[in-house]
Every structure is written in structure tokens, then in C-alpha cells.
Amino acid sequence: MNSNKKIFPYYIICISILIISCGKHKTLFHEYKAIDNEEWRYDDSLHFEIDSAIINGNLNTILEFRTNAKYPYRNISIVMEQSLRNGSQNIKKTIAYDVIDNNGKKNGEGITYMTHQIPFCTMNIKTGDTIDIHIKHNMKDNMLPGIADVGVLIETP
């Protein structure tokens, strides 16, 4: 009976890991690009490339960016374009996002840096496809202070 008491915690750990891992999205790509001096210039187009995808099917793309206290606006406008290099699909959108809501509460998560996530698109890809993503801000000011980095998360639905 003592041997069962010793093994029981391992069963609990294994079952917990299985429960936690079930139902989660599978991350295929997650990368950030740092913004020089945390000042994003209008002509600084960021490029992300996913070469030779390893999966068939739909993938969700999520735009991510991090702001600090120096970001001076309540909102942000970002132009994002995602395309397959073979030319079969191209999605381009202007994204408007409230960094601070109407009640003055900061959106996003974090303390010093607020991480913001915005769903962008779902794209059907085939194994071997190359995905190109281009991102730039679409604000009137040439330079946006307080943007630490911009990233892309691509995962299965």
C-alpha cells in the first residue's frame, strides 16, 4: 500500500499536464521586433517572415505590441498586411485600437509595459507556404514615442 501512496502524486501531475495541454492553441510563430529608442517612426515598416510553414489548415494571426507610460495617445492606428509568397492570398487591414478605454482604463496587460493583442486574420495555408507580414503605424505624427516593440503571434485555432 505504501508504494501506491508514492506513485499517486505522479499520477496527479501527469493528469494535470494532460488537462492543461488539451484545448490550447498550438503556437507556430511568435516573434517581437524591438523599436529603436522606443520611438516608432512612420517609415519604419516591420517585416516578419515565416518560411516553409509546417502545417496545413487555418492559422490565426494576432498583432502584438507593447507600450510604456510615454505613449501619448488614447488610441493607435496600424496598417498590417499578410500575404502568401505564392500570391494566392493577401490580407491588408488598417487596425484601430483603443490603448485607453472611454473610462480612462488602460487596455492590455502588464505594469511597466502594457502588452496589447489584436486578432488580425485567419488564413488557410499549406505545408511549405511562406508567409510575409508587414506592419507600420498609421498615425499623423511621424514618430510615436512609447512603443517598445511590435510582434506577431501565429497559432492554430
Side-chain angles (χ1 to χ4, degrees), residues 7-68 71 73-101 105-139 144 146-157:
I7 296 174
F8 184 72
Y10 295 108
Y11 286 125
I12 296 297
I13 291 170
C14 290
I15 291 171
S16 298
I17 290 171
L18 285 173
I19 290 171
I20 290 170
S21 65
C22 290
K24 288 214 171 212
H25 303 286
K26 181 179 178 185
T27 299
L28 299 174
F29 180 83
H30 196 199
E31 181 179 314
Y32 277 92
K33 302 231 179 197
I35 303 298
D36 289 340
N37 299 318
E38 298 185 354
E39 297 174 335
W40 194 8
R41 298 184 184 285
Y42 182 76
D43 56 353
D44 288 342
S45 177
L46 305 171
H47 177 244
F48 298 86
E49 178 183 311
I50 299 87
D51 190 24
S52 298
I54 58 170
I55 193 168
N56 282 319
N58 290 329
L59 294 177
N60 293 333
T61 301
I62 300 164
L63 168 66
E64 299 183 323
F65 64 97
R66 294 191 314 165
T67 57
N68 63 31
Y71 187 73
Y73 304 106
R74 292 180 57 113
N75 57 19
I76 191 168
S77 178
I78 297 173
V79 175
M80 185 167 172
E81 182 173 12
Q82 179 171 315
S83 59
L84 294 182
R85 193 154 303 158
N86 67 16
S88 65
Q89 295 182 63
N90 185 48
I91 299 170
K92 184 175 183 177
K93 295 180 187 177
T94 300
I95 299 165
Y97 175 79
D98 291 330
V99 175
I100 299 174
D101 69 17
K105 181 180 175 278
K106 293 179 181 179
N107 286 322
E109 295 181 7
I111 298 173
T112 305
Y113 290 94
M114 298 299 290
T115 300
H116 308 273
Q117 291 189 321
I118 307 166
F120 176 67
C121 72
T122 300
M123 185 176 274
N124 187 282
I125 65 157
K126 296 185 179 10
T127 302
D129 282 344
T130 296
I131 304 167
D132 284 307
I133 300 171
H134 295 274
I135 303 169
K136 64 188 277 183
H137 81 73
N138 194 36
M139 302 290 279
L144 290 182
I147 304 290
D149 45 27
V150 177
V152 172
L153 169 63
I154 298 179
E155 62 187 13
T156 59

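Predicted model, so just to flag it, every value in this text is computed and none were measured.
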- Message: Pair Thr67, Lys106 - check side chain to side chain contact (heavy atoms under 4.5 Å, CB included), show working.
- Response: CA-CA 10 Å; Thr67 57; Lys106 293 179 181 179; over 6 Å; no

- Show your reasoning for whether side chain to side chain contact (heavy atoms under 4.5 Å, CB included) applies to Ile76 and Ile147. CA-CA 10 Å; Ile76 191 168; Ile147 304 290; 4.0 Å; yes

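Applying the side chain to side chain contact (heavy atoms under 4.5 Å, CB included) criterion to Asp44, with sequence neighbours excluded, gives Trp40, Arg41. Under the ring pair (Phe, Tyr, Trp, His ring centres under 6.0 Å) criterion, Phe120 pairs with no residue at all, not counting sequence neighbours. In terms of the side chain to side chain donor-acceptor pair (under 3.5 Å) criterion, Asn107 has no residue partners (sequence neighbours excluded). Under the rule for a salt bridge (charged side-chain N to carboxylate O under 4.0 Å, His left out), Glu109 has no partner lying at least two apart in sequence or in another chain. Qualifying side chain to side chain contact (heavy atoms under 4.5 Å, CB included) partners for Asn37, counting only residues two or more places apart in sequence or in other chains: Glu39. Here Tyr71 pairs with Tyr73 under the ring pair (Phe, Tyr, Trp, His ring centres under 6.0 Å) rule; sequence neighbours left out. Among residues two or more places apart in sequence or in another chain, the ring pair (Phe, Tyr, Trp, His ring centres under 6.0 Å) test is passed with Tyr32 by His30. With sequence neighbours excluded, the residues forming a side chain to side chain donor-acceptor pair (under 3.5 Å) with Asn90 are Glu81, listed by chain and number. For the side chain to side chain contact (heavy atoms under 4.5 Å, CB included) test, residues two or more places apart in sequence or in another chain that qualify with Asp51 are Glu49, Thr130. Residues passing the side chain to side chain contact (heavy atoms under 4.5 Å, CB included) test with Thr112, sequence neighbours excluded: none. With sequence neighbours left out, the ring pair (Phe, Tyr, Trp, His ring centres under 6.0 Å) criterion links Tyr97 to Phe65, His116.
In this structure, CG on Leu144 lies 9.5 Å from CD1 on Ile35, to the nearest 0.5 angstrom. To the nearest 0.5 Å, atoms CD1 (Ile78) and CG (Leu63) are separated by 5.0 Å. For the atom pair CD1 of Ile91 and CD of Gln82, the computed distance is 6.0 Å after rounding to the nearest 0.5 Å.
Taking all atoms of both residues into account, the shortest heavy-atom contact from Ala53 to Ile125 is CB-CD1, 3.4 Å. Heavy-atom minimum distance, Thr127 versus Asn56: N-OD1, 2.7 Å. Nearest heavy atom pair, residue Ser45 against residue Lys136, reads CA-CB, 4.2 Å. Contact between Met139 and Ser77 at its shortest, heavy atoms only, is SD-N, 3.3 Å. When all heavy atoms are compared, the tightest approach of Ala148 to Tyr113 is CB-CE2, 3.5 Å. Taking every heavy atom of both residues into account, Ile62 and Gln117 meet most closely at CG2-CB, 3.9 Å.
Remark: the backbone N or O of His47 is paired with a side-chain donor or acceptor of Lys33 at under 3.5 angstrom. Using modelled atom types, one side-chain atom of Gln89 and one backbone atom of Asn124 make a donor-acceptor pair closer than 3.5 Å.
Side chains of Asn75 and Val99 form no contact here, defined as non-hydrogen atoms less than 4.5 Å apart.
Residue pairs satisfying the salt bridge (charged side-chain N to carboxylate O under 4.0 Å, His left out) criterion with at least one member in residues 146-157, sequence neighbours excluded, are listed as follows: Arg66-Asp149.
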